[in-house]
Amino acid sequence: MKSYDVSHKLNLACVQAIEEAFGREVSTNDIVLQHTRKDFDGQYTLVTFPFTRYSKLSPEETGKAIGEVLQKNCPLVQQYNTVKGFLNLEIEDQVWLDVFTTLHRDKESFSMPSTGKKVVLEYCGPNTNKPLHLGHIRNMLIGYASANLLSRVGHQVHKVNIYNDRGIAICKSMVAWKHFGEGNTPQSTQTKGDHFVGEFYVAFDQAYKKQVEERIAEGKTKEEAENNAPLLLEARFMLRQWEKGDQEVIDLWNMMNSWVYEGFEQTFSRLGVDFEKHYKESDYYQDGKRLVEEGLQQGIYTQRKDGSIWVDLTQEGLDEKLLLRGDGTSVYITQDMGIAEARYQDFGMDRSVYVVANEQDYHFKVLKLVLEKLGKPYGKSIFHLSYGMVDLPSGRMKSREGTVVDADDLLDEMVKTARHRTEELGKVDDLSPAEAETLYHTLALSALKYFILKVNPKKRVIFNPEDSIDFQGHTGPFIQYTYVRTRSVLRRYKGKGFEQSQHTLHETERDVIILLHDYCATLQRAADADDVSIVAEYAYQVARAYSKLWSEVKILNEEDENLVAFRVALSRVTGEVLADAMSILGITMPERM
RNA sequence: GGCGCUGUAGCUUAACUGGAUAGAGCACCUGACUACGGAUCAGGAGGUUCGGGGUUCGAAUCCCUGCAGCGUCACCA
């Protein structure tokens, strides 16, 4: 809660006013204060319906009674008006000017105190047998931005990644490389490592399909053919060899995975995301077993005749769930239990956030319950930040059908578009080639990141590769452009610094100040809701309000030099808030564009 | 089939968690001091918030029901 928070002060004033007017104590939580709609006079509106039962008056009369007391007692309130059950409060301009003076003068005005809470946030979680795609991009952007947001509101955040680096999938790539690779490497073929390995995953699938067809032609049933095609048998054999620790297989596996990691690192860095630690499934997949044994000892889990271990979640409305196979090998959830434990040992976090698509909602419900039943502190700390998957107009992306939107290709495409648009406008023809390239990259990423992050993470999104992503309107580049304007003003201004002002506010000035005033509360709301799109939406509103101000008042060409100093200061703070909000989203601001 | 998620202008979306006449952007039409940066601003047109009930002073939001799409219910990960 900031000392300059007008709505908080108003909230308290309303509580007192209601007590004075009707002799009833109400809680601050009962007060619904909202920003006044544009069509009415005022900046805050109190909804008075809930208080009619105390006042025994009509909603409108209730509002008048409260408004009367507020006008008399509360120095913030200049005037009031009522419309039906809504009491609109007009705040003194000087209040807003004082708020702005604080925002402008006090370097700490947008900082937030440490909460002392440790958060581990996992995102990305790719398989190591193929390159990253649009789904991973959404995951990474949401993950990275959420981590920034949580950190911005005072938590200590650790970003981690999990590599799904073992299993049948990577074995397929390995088998295919042995057969068709001819000893080639990413270096020898000038191919990005993850793409290189991905090509063999596709090659496996094609060769496998061919084998299946041949065997069907030989008179085998479809099922027979699919289950016993030599390539598949070979991949399964390789998986078993891997689990046995066969050195040749392990070496091949290490080599191919290292190619993939190198490729991933390039994409991470291009996208501007990073991790404090990468967990590898292969290092931990055995580790959950001890926890399962523990649960079995405590009688929380049950063992069947075949030796498999299960947890009964029917009381919780779910099913019975397998935790350990009859032969003692672990399943997906077993390893996630182990990794949760490892993570707690590494970081001792208060909260563990998993940024994973909503197709795994059920899995995380189970994981949380299973660990809670064990009484582990990291059980109840689990939060699945479940986001909607990215689909194409034709439905789900399918690698087999080649409809996957590749992350690197999409980035290339965006940079190309940014270059075209920038060259078309011709505003920065004097930049050096290197500066220009940096700018195209900055704009391209802004367009892409904003496009994805402005949507509520929970919603499923449909991405049409045919439609290009906009650079105008409700977009990242528009917000960057607004920032660039504020920078342009600051570059040109040679006058004195702003101290304070007492002028009558222009409507657009008031609108901008109120938005800046709301910044910290908005960040908090976004963090509480684990919804970074709230930050994106806010940045857009600020940019729009400033653009409107730009068109309606003069800044540098205003005659009153105090007013110029004020508007320059307003431009500075606006620019800083825009840059800060966008940096949470992982978007950087150019000085010119 | 059980469970879960989603459904808002042609398209992409917002609505501060139950509040005023559902707010923007794109696309379409019209206009903007020879401009402190026009990647902008202003205006127009575009809505049965999937359908039907219910709760409430008040519902896009909560409850019931139907429809559509998707996910999940593997000794896959």
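Below, each value reflects all heavy atoms present in this structure, side chains not excepted, and no hydrogens, waters or symmetry copies.
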Could you tell me the Watson-Crick or G-U partner of [N], where both distances fall under 3.5 Å? Say none if there is no partner.
N	value
B:C57	B:G19
B:G47	none
B:U6	B:A68
B:A35	none
B:A27	none

Distance, rounded to the nearest Å, where [X] contributes [atom1] and [N] contributes [atom2]:
X	N	atom1	atom2	answer
A:Leu425	B:U40	CG	C1'	11 Å
A:Asn358	B:G7	CG	P	12 Å
A:Phe51	B:G19	CZ	C1'	13 Å
A:Leu87	B:G19	CG	C1'	14 Å
A:Ile31	B:U17	CD1	P	14 Å
A:Lys458	B:U17	NZ	P	14 Å
A:His384	B:G4	NE2	C1'	12 Å
A:Asn29	B:U17	CG	P	11 Å

Indicate, with a heavy-atom threshold strictly under 4.0 Å, whether [X] touches base, sugar-phosphate, or nothing.
X	value
A:Lys84	sugar-phosphate
A:Arg544	sugar-phosphate
A:Val564	nothing
A:Thr52	nothing
A:Phe40	base

- Query: Below 3.5 Å, does any donor atom in the side chain of A:Asn88 face an acceptor in the base of B:A20, or the other way round?
  - Reply: yes

- Donor/acceptor link under 3.5 angstrom from A:Thr45 side chain onto base of B:A20: yes

- Task: Decide yes or no on side chain to side chain donor-acceptor pair (under 3.5 Å) for A:Tyr80 and A:Asn88, but give the supporting numbers first.
- Result: CA-CA 6 Å; A:Tyr80 72 90; A:Asn88 302 319; over 6 Å; no

- Message: salt bridge (Lys or Arg N to Asp or Glu O under 4.0 Å) for A:Glu507 and A:Lys548? Distances and angles first, verdict last.
- Response: CA-CA 10 Å; A:Glu507 192 189 344; A:Lys548 184 163 175 140; over 6 Å; no

- May I ask you to check whether over 12 heavy atoms, not counting those of A:Lys416, lie within 6.0 Å of atom NZ? no

- Message: Could you check whether atom NZ of A:Lys458 has more than 12 heavy atoms from other residues, nucleotides or ligands sitting under 6.0 Å from it?
- Response: no

Charged N to carboxylate O under 4.0 angstrom, [X] versus [Y]?
X	Y	value
A:Arg37	A:Asp39	yes
A:Lys365	A:Glu316	no
A:Arg460	A:Asp391	yes

- Query: Closer to the 5' end of RNA chain B via nearest nucleotide, is it A:Val489 or A:Ala529?
  - Reply: A:Ala529

- Toward the 5' end of RNA chain B, by each residue's nearest nucleotide, A:Ser488 or A:Ser551: A:Ser488

Residue [X], side-chain atoms from C-beta onward, closest of [options]:
X	options	result
A:Pro50	B:A20, B:C36, B:G19	B:G19
A:Arg491	B:G37, B:A20, B:C41	B:G37
A:Phe49	B:G25, B:G37, B:C57	B:C57

Would you name the heavy atoms of [X] and [Y] that are closest together and state the gap between them?
X	Y	value
A:Leu549	A:Val512	CD1-CG2, 4.2 Å
A:Trp310	A:Leu322	CE3-N, 3.4 Å
A:Tyr284	A:Ala342	CE2-CB, 3.5 Å
A:Arg138	A:Val390	CD-CG2, 3.7 Å

It should be established whether [X] places a side-chain nitrogen or oxygen under 4.0 Å from OP1 or OP2 of nucleotide [N].
X	N	answer
A:Lys494	B:C36	no
A:Lys548	B:A42	yes
A:Arg37	B:A20	yes

- Message: Each nucleotide in nucleotides 72-77 of chain B should get exactly one letter: B, S or -. Can you fill that in based on protein heavy atoms under 4.0 Å?
- Response: SS-BSB

- Separation between NZ (A:Lys449) and CE (A:Met582), nearest 0.5 Å, reads 10.0 Å

- Query: Taking the six-membered ring for Trp, does A:Phe86 stack with B:A20 (centroid gap under 5.5 Å, planes within less than 30°)?
  - Reply: yes

Whole-Å [atom1] distance, [N] and [M]:
N	M	atom1	value
B:U49	B:C33	C1'	41 Å
B:G18	B:C57	C1'	12 Å
B:C70	B:G19	C1'	33 Å
B:G1	B:U12	C1'	35 Å
B:G46	B:C62	C1'	30 Å
B:U6	B:A14	P	12 Å
B:A42	B:C3	P	49 Å
B:G2	B:U40	P	50 Å

- Report yes or no: is the cationic atom of A:Arg166 (NZ for Lys, CZ for Arg) closer than 6.0 Å to the six-membered ring centre of A:Trp253, at no more than 45° off its axis? no

- Message: For B:U48, does the O4'-C1'-N9-C4 or O4'-C1'-N1-C2 angle fall within 90° of 0, making it syn, or is it anti?
- Response: anti

Name the pairs: protein N/O against N/O of nucleotides 10-16 of chain B, kept only if under 3.5 Å.
unit_1, atom_1, unit_2, atom_2, d
B:A14, OP1, A:Asn456, N, 3.1
B:A14, OP2, A:Lys459, NZ, 2.7
B:C16, O4', A:Arg525, NH1, 3.3

